[in-house]
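Let me begin by presenting the structure, written as structure tokens, before commenting on it.
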Amino acid sequence: MSDQTQKRRCPVWVKVLLGLSLALNLGIVGLVGGFVLRSDGPMRGAGPGLGYAMPYVIALERESRRAIFKAVREDPSLPSRADRRAHFNDMLVALRADPMDRAAVEAVLARQAEGVSAVQRRAQVEWLKKVEDMSASEREAYADTVEDILKRGPKRGKKREGNSRY
């Protein structure tokens, strides 16, 4: 008797099908990624609530930005993540109510708006402290950086020399 064992090989058509599937998936990922990252895509820039503050914050040195964000995060008087999650859950309950209770929806929106305003006020206080601590020449350079950002938009993904902007 001869010992002939047959190797089981994957059929060629399965390999071709898997290759085409991989190529299609990579193409879709590339299209979605390009759409999201292009200059006028949906993820470009901040929403209307952040639009006014972002050039001021972006123009700061990294350490200053981090200090402002840390002060906001660590402020116990501001809504916590759990509070914000609870507001969203309250909104979901209000949206699912039949009939819809407009007053309940408005109350949740008011609580969320107050939270956003409180965070913005706290961030503004911290930002103003940073600006007050700058010398006149540093403020001038900072204003030039803000102006540059307003003209061209933030430089996304580029390494900044020395983390210093002014």
Side-chain angles (χ1 to χ4, degrees), residues 26-97 99-166:
L26 289 175
I28 291 171
V29 168
L31 286 173
V32 171
F35 177 74
V36 168
L37 296 175
R38 73 178 194 209
S39 63
D40 59 343
M43 303 307 250
R44 178 75 172 163
L50 294 175
Y52 288 110
M54 287 313 291
Y56 304 133
V57 174
I58 291 169
L60 289 171
E61 291 179 334
R62 183 174 185 212
E63 287 73 29
S64 295
R65 287 192 313 266
R66 291 177 67 122
I68 290 171
F69 294 141
K70 182 179 181 188
V72 170
R73 265 193 323 272
E74 293 178 351
D75 188 334
S77 68
L78 297 177
S80 67
R81 188 173 282 183
D83 293 335
R84 292 189 310 267
R85 193 173 301 123
H87 294 318
F88 283 117
N89 288 336
D90 293 344
M91 180 60 80
L92 292 174
V93 168
L95 290 173
R96 288 186 173 121
M100 185 183 97
D101 182 358
R102 181 184 175 107
V105 171
E106 288 175 336
V108 174
L109 289 174
R111 286 194 307 270
Q112 289 175 325
E114 178 52 40
V116 168
S117 293
V119 168
Q120 182 178 10
R121 285 190 302 270
R122 178 70 168 121
Q124 286 173 348
V125 166
E126 293 300 318
W127 172 82
L128 189 53
K129 287 179 191 177
K130 297 291 180 193
V131 173
E132 282 179 327
D133 288 343
M134 292 179 191
S135 68
S137 62
E138 288 174 329
R139 278 194 318 279
E140 179 68 29
Y142 173 71
D144 291 343
T145 304
V146 171
E147 185 176 33
D148 185 51
I149 289 169
L150 291 172
K151 285 180 183 174
R152 289 190 287 244
K155 293 179 175 89
R156 297 176 63 125
K158 290 189 178 179
K159 207 75 159 150
R160 293 180 176 85
E161 59 272 357
N163 276 341
S164 180
R165 300 197 186 215
Y166 51 89

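Below, all heavy atoms of this structure are taken into account, side chains as well, without hydrogens, waters or symmetry copies.
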Give the minimum heavy-atom separation between V146 and A59, together with the two atoms involved. CG2-CB, 3.5 Å

Test side-chain hydrogen bond (donor to acceptor under 3.5 Å, both in side chains) applied to R121 - qualifying residues, sequence neighbours left out: E114

Of all heavy-atom pairs between E138 and D133, which one has the smallest distance, and what is that distance? OE1-O, 4.2 Å

Output for pair (L78 CG, R84 CZ), nearest 0.5 Å, gives 9.5 Å

Is there a side-chain contact between L109 and M91 (heavy atoms, below 4.5 Å)? yes

Pairwise distance OH(Y142) to CD(E147) - rounded to 0.5 angstrom: 13.0 Å

Can you tell me how far apart OG (S117) and CD (Q124) are? Round to the nearest 0.5 Å. 9.5 Å

E126 with K130: basic N within carboxylate O range, under 4.0 Å: no

Can you name the side-chain hydrogen bond (donor to acceptor under 3.5 Å, both in side chains) partners of D90, sequence neighbours left out? R111

For V119 and P79 the tightest heavy-atom approach is CG2-CD, 4.5 Å

Non-hydrogen atoms of A94 and V105 that approach each other most closely: CB-CG2, 3.7 Å

Measuring from R65:CZ to I58:CD1, what's the distance to the nearest 0.5 Å? 8.0 Å

Enter the distance from M134:CE to R139:CZ here, rounded to the nearest 0.5 Å. 8.5 Å

Atom pair CG (D144) and CD1 (I149), whose distance is rounded to the nearest 0.5 Å: 11.0 Å

Against S64, only a single residue in R66, R62, E61 fulfils side-chain contact (heavy atoms from CB on, under 4.5 Å); can you say which? E61

Closest non-hydrogen contact found for L150 with P55 is CD2-CG, 3.6 Å

